[in-house]
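Working notes for the structure below.
Hydrogens, waters and symmetry mates play no part in the numbers below; they use all other heavy atoms, side chains included.
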Amino acid sequence: QVQLVESGGGLVQAGGSLRLSCAASGRAFSLYVMGWFRQAPGMEREFVAGISRSGDNSLYAGSVKGRFTISRDDAKNTVYLQMNSLKPEDTAVYYCAADTSSPRIKLYSYDYDYWGQGTQVTVSS
């Protein structure tokens, strides 16, 4: 069982920045591909970013590429999402997720085994 706890959400003006953190339980964190997803009201959950087990590879949704950066610190069992140049359309609940079974970064929520409770990000115009 893996427990994921997100933090760092909040209210920010357009153009501002936030850094989300996701702390994971357990000793096998370095074996997990980690992802960030988001879900806006009335919308489906969508992939934002993913990072490989080693941290050498990452993948981003086109809507956030160049503005968001995913990283991981295996010593702290934590994955981060640095969000810069935020836009009102980035407003959503952000979730981190762990894929414990595959070394590849997956784009679909059903490929991930464990989820955090989510953290709200609101960007005002």
Residues in side chain to side chain donor-acceptor pair (under 3.5 Å) with Arg67, at least two apart?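 For Arg67, the residues satisfying side chain to side chain donor-acceptor pair (under 3.5 Å) (neighbours in sequence not counted) are Asp90.
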For Tyr94, check ring pair (Phe, Tyr, Trp, His ring centres under 6.0 Å) against everything at least two apart and list the hits. none
For the backbone of [Y] and the side chain of [X], can you confirm whether one donor and one acceptor N or O come within less than 3.5 Å of each other?
{"X": "Ser125", "Y": "Pro88", "answer": "no"}
{"X": "Arg53", "Y": "Leu31", "answer": "yes"}
{"X": "Glu6", "Y": "Gln117", "answer": "yes"}

Mind checking whether [X] and [Y] sit in one hydrophobic cluster, side chains of I, L, V, M, F, W, Y counted as touching below 4.5 Å?
{"X": "Leu20", "Y": "Met34", "result": "yes"}
{"X": "Tyr112", "Y": "Leu81", "result": "no"}
{"X": "Ile105", "Y": "Ile70", "result": "no"}
{"X": "Tyr95", "Y": "Ile51", "result": "no"}
{"X": "Val93", "Y": "Phe37", "result": "yes"}

Side chains of [X] and [Y], heavy atoms from C-beta outward: is any pair under 4.5 Å?
{"X": "Gln120", "Y": "Thr91", "value": "yes"}
{"X": "Val79", "Y": "Trp36", "value": "yes"}
{"X": "Asp113", "Y": "Ser101", "value": "yes"}
{"X": "Arg45", "Y": "Trp115", "value": "yes"}

Step-by-step side-chain contact (heavy atoms from CB on, under 4.5 Å) determination, Leu107 to Leu59: CA-CA 9 Å; Leu107 304 182; Leu59 197 62; 3.3 Å; yes
Check for me whether Arg72 meets the cation-pi criterion with Tyr32, that is, NZ or CZ under 6.0 Å from the six-membered ring centre and within 45 degrees of the ring axis.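 The answer is no; the distance or angle limit is not met.
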Where is the tightest heavy-atom contact between [X] and [Y], given as atom of each residue plus distance?
{"X": "Ala98", "Y": "Leu4", "result": "N-CD1, 3.8 Å"}
{"X": "Val12", "Y": "Leu18", "result": "CG1-CD1, 4.0 Å"}
{"X": "Ser17", "Y": "Asn84", "result": "OG-OD1, 2.9 Å"}
{"X": "Asp74", "Y": "Ser30", "result": "OD2-CB, 3.4 Å"}
{"X": "Ala24", "Y": "Phe29", "result": "CB-CD1, 3.5 Å"}

Side chains of Asp73 and Ser71: any donor to acceptor distance under 3.5 Å?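 Their side chains do not contain a donor-acceptor pair, so the 3.5 Å distance test is not met.
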Distance in Å, [X] [atom1] paired with [Y] [atom2], rounded so as to fall on 0.5 Å steps:
{"X": "Ser58", "Y": "Phe68", "atom1": "OG", "atom2": "CZ", "value": "14.0 Å"}
{"X": "Arg19", "Y": "Met83", "atom1": "CZ", "atom2": "CE", "value": "11.5 Å"}
{"X": "Ser25", "Y": "Gln1", "atom1": "OG", "atom2": "CD", "value": "8.0 Å"}
{"X": "Tyr60", "Y": "Phe47", "atom1": "OH", "atom2": "CZ", "value": "9.0 Å"}

As a quick check of understanding, evaluate side-chain contact (heavy atoms from CB on, under 4.5 Å) for Ser63 and Arg38, giving each step before the final call. CA-CA 12 Å; Ser63 58; Arg38 66 186 182 186; 3.4 Å; yes
